[in-house]
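Each remark here refers to the structure printed beneath this line.
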Amino acid sequence: MKRHLIELPISTRDGQFIARYSEKGLAELDFPNANCRRRGNESQIAANRDSSRRLLQIQKWHRLTTDALENILAGKEPKKLPPLDWTGKTDFQKSVWRQMLKIPAGKTKSYGEIAQAVGKPKAVRAVGGACGANPVPVLVPCHRVLAANKKLGGFSGGLDWKRKLLALEGIKLLL
DNA sequence: GACAGATGAAGGA
DNA sequence: TCCTTCATCTGTC
């Protein structure tokens, strides 16, 4: 069953992000120039087909998303996040993302530390997989998760973005 | 059930 | 140090 997602752009000085909302909250966030990595036929700008009540709700979430994104891109902690829709994701992935949400701006954790925090200290590779499956990068700060010894590791939006986001928060990397 | 993966640790040069 | 190898765990097909 395909979810009906409302797609809205967020213009920032770093480019135009694309946010997609379900009836439960923010479901996906794409980086600028992400080349529509998710097919696109399941999400569409179809605001006129939705009830005005739902539209108002989504506009409210969109303001929260925009504020949070702008704060993060300014190297600050977002004041408030919109509700996140993790429907269809596994418990393990949701646990990992919840742990990432606890990492404050300017701080980092390693994949191993996240694995420990979710009670599976040996599942470090699985944590990497969950990071890659994160549909809401930046807001769920997977860029604050580094490999051991402060090495960069990887990033679904591209390592340039990861470096940039970490630099904004004043985090120094090895290499 | 096999395979891949955004890791981490250990061992050798 | 740097490189290689392997153990480990989870998600996906």
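Throughout, a chain's letter reflects where its sequence line sits, starting with A, and its residues are numbered from 1.
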### Nearest non-hydrogen partners of A:G153 and A:L159, listed with the distance
O-CD2, 3.5 Å
### Message
With heavy-atom distances below 4.5 Å as the criterion, would you say the side chains of A:T12 and A:Q16 are in contact?
### Response
no
### Message
Without decimals, in angstroms, what is the distance between A:K151 NZ and C:dT1 P?
### Response
11 Å
### Message
Could you work out, with ring-ring contact (aromatic ring centres under 6.0 Å, His included) as the rule, every residue matching A:W161, not counting sequence neighbours?
### Response
A:F17, A:F31
### Task
Please examine the side chains of A:V136 and A:E28, heavy atoms only from C-beta on, and report whether any two atoms are closer than 4.5 Å.
no
N/O to N/O distances under 3.5 Å, protein versus nucleotides 3-7 of chain B:
{"from": "B:dG5", "atom 1": "N9", "to": "A:R125", "atom 2": "NH2", "distance (Å)": "3.3"}
{"from": "B:dA6", "atom 1": "N6", "to": "A:C131", "atom 2": "O", "distance (Å)": "3.0"}
{"from": "B:dA6", "atom 1": "N6", "to": "A:G132", "atom 2": "N", "distance (Å)": "3.4"}
{"from": "B:dA6", "atom 1": "N6", "to": "A:S156", "atom 2": "N", "distance (Å)": "3.1"}
{"from": "B:dA6", "atom 1": "N6", "to": "A:S156", "atom 2": "OG", "distance (Å)": "3.3"}
{"from": "B:dA6", "atom 1": "N3", "to": "A:Y111", "atom 2": "OH", "distance (Å)": "2.5"}
{"from": "B:dA6", "atom 1": "N3", "to": "A:G154", "atom 2": "O", "distance (Å)": "3.0"}
{"from": "B:dT7", "atom 1": "O4", "to": "A:R125", "atom 2": "NH1", "distance (Å)": "2.7"}

### A:Q57: partners by side-chain hydrogen bond (donor to acceptor under 3.5 Å, both in side chains), with sequence neighbours left out
none
### Task
Could you tell me the separation between the NZ atom of A:K89 and the P atom of C:dT10, rounded to a whole number of Å?
18 Å
### Message
Counting only heavy atoms from other residues, nucleotides and ligands, does the tally under 6.0 Å from NZ of A:K94 exceed 12?
### Response
yes
### Residue pairs passing the ring pair (Phe, Tyr, Trp, His ring centres under 6.0 Å) test where at least one lies in residues 90-131 of chain A, sequence neighbours excluded
A:W86-A:W97
#### Entry: Watson-Crick and G-U pairing of DNA chain C written in dot-bracket, each distance under 3.5 angstrom, with | for inter-strand partners
|||||||.|||||
### Message
From CD of A:Q116 over to C1' of C:dC9, roughly how many Å is that when rounded to an integer?
### Response
15 Å
### Query
Got a sec, which residues hit side-chain contact (heavy atoms from CB on, under 4.5 Å) with A:D67, two or more places apart in sequence or on another chain?
A:E70
